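Have a look at the structure below, then the notes.
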Amino acid sequence: METASYAHFTFILFVVLFIFAYFWYLPNKLDFQLWCTSKNRIHSNLDLVLETQIHKPNDHTGETPHHPLDPLTIQEINKVRTILSSYEPFLSCFPPIHYLSLGEPDKHRVLWWKQGDPLPPRKALVIVLLNGQSHVLTVDLELGQVTSHEINPWSGYPMVSMDDLSAAIQVALSHQELNQSAIARGVPLSELTCITPSPGWFGPDEEGRRVTKVQCFSSQGTVNFYMRPLEGLTITVDLDKKEVVEFLDKGRGIPVPKATNTDYRYTAQDKPLEMEPINPISIEQPKGPSFSIENRHMVKWANWIFHLKADQRAGMIISRAMVRDSETGVLRSVMYKGFSSELFVPYMDPDENWYFKSYMDAGEFGLGATAMSLMPLNDCPRYAHYVDGIFVSSDGKPYVQPNMICVFERYAGDIGWRHSEIPVNGFEIKEARAKVTLVARMAASVGNYDYIFDWEFQTDGLIRIKVSLSGMLMVKGTTYQNVYQIPNQEEMSSPLVSENVIGVVHDHFITYHLDMDIDDTNNTLVKVHLVKEETLPGESPRKSYLKAKRETAKTEEDARIKLKLYDPSEFHVINPSRRSRLGNPAGYKIVPGATAASLITLILHKKRSAFTNNQIWVTPYNRTEQWAGGLLVYQSKGDDTIAVWSQRNRNIENKDIVLWYTMGFHHIPCQEDFPVMPIVSSSFDLKPVNFFESNPILRAAPFFEKDLPVCRPAASS
Ligand SMILES: *[C@@H]1O[C@H](CO)[C@@H](O)[C@H](O)[C@H]1NC(C)=O
Ligand SMILES: *[C@@H]1O[C@H](CO)[C@@H](O)[C@H](O)[C@H]1NC(C)=O
Ligand SMILES: *[C@@H]1O[C@H](CO)[C@@H](O)[C@H](O)[C@H]1NC(C)=O
Ligand SMILES: [Cu+2]
């Protein structure tokens, strides 16, 4: 007994001493160990806050605006609704709200505004539909009244609302003929899932009323109904009268493609992937993130500061992007405002059930309205911070789109700059800097398609704007099960991607509004053209060489630019009055990435989609010219697009200018795109040219091994 007790005591003492020693001698290690176990990260309370924030929606009720560009708050939206409901023309009937967002103050007011100043008057831009007409109103929240009111300023209608879409589907589903057609194809009405492709605009037949197409799919045996179309069945529904305008059923001979292998959910997969699994991976930040978001919208990171907000139509808007000068430390303006202004997706099939598919997703459906919550760890890394959108439903009431945008620092193992010196001269140098960037991301699910929008900021001043596509193809049913059954394969305009499923060829064009303000508002577009110069006889063994020739774009016409691989130019937005010590004007150039041009010649599309005819346009700043395809895009004829504005051929030299860039994808589907597409991405850059005096990250510190913990699997607890 005695011995046993003693041994017991010694053992406890030993354990206590060991724990004490462990805590005493290895404080750093302990910190790392605890930090490494994700369940118990004590080093940063912020992490815990962020993690709970993802699961518990934020309460936005008491919030007030802090910056002139802050979106309308819940209180402000409610106030707009009150003002509108006592507005004379709406007294008898409160019209459905199709857009309600901050009416941004005049640019000069925003530029003059300093932290601590009172905000410029808060205004709302509202678009409602009343008796088939589009009303565009400005509501002044301080005056408590409507200060401007225009009716049908353009052809076309505002974004459709969720109410519009569900009503249209109900109208179609209660149409007897649809029931008959569905039953004839062996699909009971209860298994139909319908979608509402927008009608585009194809001539006077569809004028004077707001319509949508409705097309249906079988959701029997799958959540991926998109792969099971009832081909040839198109119902045109009047969105306001809520009645069927036209019923088209031409495809009864075409089988509904099978449900097998269409489900894309992890839980529905019945066998493991034939691949060595990848271990869980996550990049860690032992000292927490290096960015902060002040007052919910001002993002500060490294040498960048910008205003970030969610928008029901544009999705995500970056404003007042400024970078710190690497020599003077002064914050310098780069971009006043940047956002995806329109997303045009024309399909290449003249068939009665397909010709109209020429979506303008931002103006018709809204990139913010369709942006669902991001999925932590898979959509965005572990240490991401999430931002909510506050939007407005058609009854004018605010709602929260939670976790719509994520902001995170990215380290993808890339290099910021490097050089090593081979020891041929007797010495050896190895210098390298890791590239860490800051990303703001959102993902819109516009029906079948998913678009991931990234704005990525680099410490060297570069901004990379990236779009990634995923989701489901818009497919067409066919009687063919394989290519051998097709009598004349060359005549198939689109490929077979599964049995009875054609992936119809289409394009995606994303047009960005980039209001560049390099150091100040007055900027100029300079085309730096590489031209071939012939040498004089006897001058050089070389016959010719390439020379960079600068040409200033004086008018809008000079800035309608089609990219040319064999006649290359760079496109610089410069501030002619801001010179480097060498006298070069400070600038940023737009660097296109992989892209595609719009080749649309379909006669009626032409005008509507004319804003994609050039990859680059420059217009003088005009507060009302924000939406590349027009303010009212739905069924518009194209009377309010960049192509129309640019025809004014205004002077753009040394003016406040807006750069428009269209990024394109031609999409020829293939089997790998079935049943859900792996990501396809493209990007373009805004890159400093003579903006900094020299490499702005020359003095950036390298990382050292000692700064980084080594995480091991956490002990089971
Ligand atoms: C659809 O048609 C079937 C067969 O004619 C009928 O039994 C069913 O009641 C119809 N459903 C609706 C909603 O009209
Ligand atoms: C910009 O240029 C215009 C003339 O085009 C001039 O009136 C204005 O003062 C300039 N603004 C600035 C901020 O330099
Ligand atoms: C601003 O844009 C609107 C819409 O395109 C146009 O009506 C107006 O004339 C423009 N203003 C100027 C000064 O160009
Ligand atoms: Cu595509």
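Residue indices begin at 1 and follow the sequence shown. Predicted model only: the values in this text are computed from it and were never measured. Atoms within a ligand are numbered from 1 in the order they appear, just like the ligands themselves.
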task: May I ask whether atom 7 (O) of ligand 1 is less than 4.0 Å from at least one protein heavy atom?
output: no

- request: Mark whether atom 11 (N) of ligand 2 lies under 4.0 angstrom from at least one protein heavy atom.
  value: yes

Pairwise distance CG(Leu69) to NZ(Lys107) - rounded to 0.5 angstrom: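 Here the interatomic distance stands at 11.0 Å.
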
Distance in Å, Phe202 CZ paired with Glu207 CD, rounded so as to fall on 0.5 Å steps: 13.5 Å

- prompt: Is any N or O atom of Trp154, backbone or side chain, closer than 3.5 Å to an N or O atom of ligand 3?
  reply: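 In this structure, Trp154 places no N or O atom under 3.5 Å from an N or O of ligand 3.
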
query: Could an N or O of ligand 3 be found under 3.5 Å from any N or O of Asp640, whether backbone or side chain?
result: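 No.
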
Interfacing atoms of ligand 3 (cut-off 4.0 Å, heavy-atom, [X]):
X: Arg650; value: 14 (O)
X: Trp645; value: 5 (O)
X: Asn622; value: 1 (C), 2 (O), 3 (C), 8 (C), 10 (C), 11 (N), 12 (C), 14 (O)

message: If only side-chain N and O atoms count, and only distance matters, is there a donor-acceptor pair under 3.5 Å linking Arg252 with Ser181?
response: yes

message: Looking only at the side chains, is there a donor atom on one of Arg228 and Thr262 sitting less than 3.5 Å from an acceptor on the other?
response: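 No, no side-chain donor-acceptor pair sits under 3.5 Å.
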
message: Taking a cutoff of less than 4.0 Å between a non-hydrogen atom of the residue and any ligand atom, is Arg623 in contact with ligand 3?
response: no

Looking at [Y] and [X], is there a salt bridge between them, counting it only when a charged N and a carboxylate O are closer than 4.0 Å?
X: Asp106; Y: Arg623; value: yes
X: Asp117; Y: Arg109; value: no
X: Glu693; Y: Arg581; value: yes

Aromatic centroids of Trp645 and Trp660 separated by under 6.0 Å: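 Under 6.0 Å, so yes.
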
query: Looking at the rings of His98 and Tyr157, which for Trp means the six-membered one, are their centres under 6.0 Å apart?
result: no

query: Can you list the atoms of ligand 1 that are under 4.0 Å from a heavy atom of Ile183?
result: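 Near Ile183, meaning under 4.0 Å from one of its heavy atoms, ligand 1 has 1 (C), 2 (O), 3 (C), 4 (C).
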
query: So do Val658 and His513 actually touch side chain to side chain, heavy atoms under 4.5 Å?
result: yes

Starting from [atom], locate the nearest protein heavy atom and write down its residue, its atom name and how far away it is, to 0.1 Å.
atom: atom 2 (O) of ligand 1; result: Asn179 ND2, 2.5 Å
atom: atom 14 (O) of ligand 2; result: Asn522 ND2, 3.4 Å
atom: atom 5 (O) of ligand 3; result: Glu625 OE2, 2.9 Å
atom: atom 13 (C) of ligand 1; result: Leu189 CD2, 3.5 Å

field: Which of the ligand 2 atoms, numbered from 1, are nearer than 4.0 Å to a heavy atom of Asn654
entry: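 Near Asn654, meaning under 4.0 Å from one of its heavy atoms, ligand 2 has 2 (O), 5 (O).
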
For Lys655, the ligand 2 atoms whose distance to one of its heavy atoms is below 4.0 Å: 5 (O)

task: Before signing off on this row, confirm whether Gln176 and ligand 1 have an N or O atom pair separated by under 3.5 Å.
output: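 Yes, there is a polar N/O contact under 3.5 Å.
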
- prompt: Among Thr624, Thr641, Asp639, whose heavy atom sits nearest atom 4 (C) of ligand 3?
  reply: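 When every heavy atom of Thr624, Thr641, Asp639 is considered, Thr624 comes closest to atom 4 (C) of ligand 3.
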
message: Thr234 and side-chain hydrogen bond (donor to acceptor under 3.5 Å, both in side chains): which single residue from Lys250, Gln215, Glu246 fits?
response: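 Single side-chain hydrogen bond (donor to acceptor under 3.5 Å, both in side chains) partner of Thr234 among Lys250, Gln215, Glu246: Gln215.
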
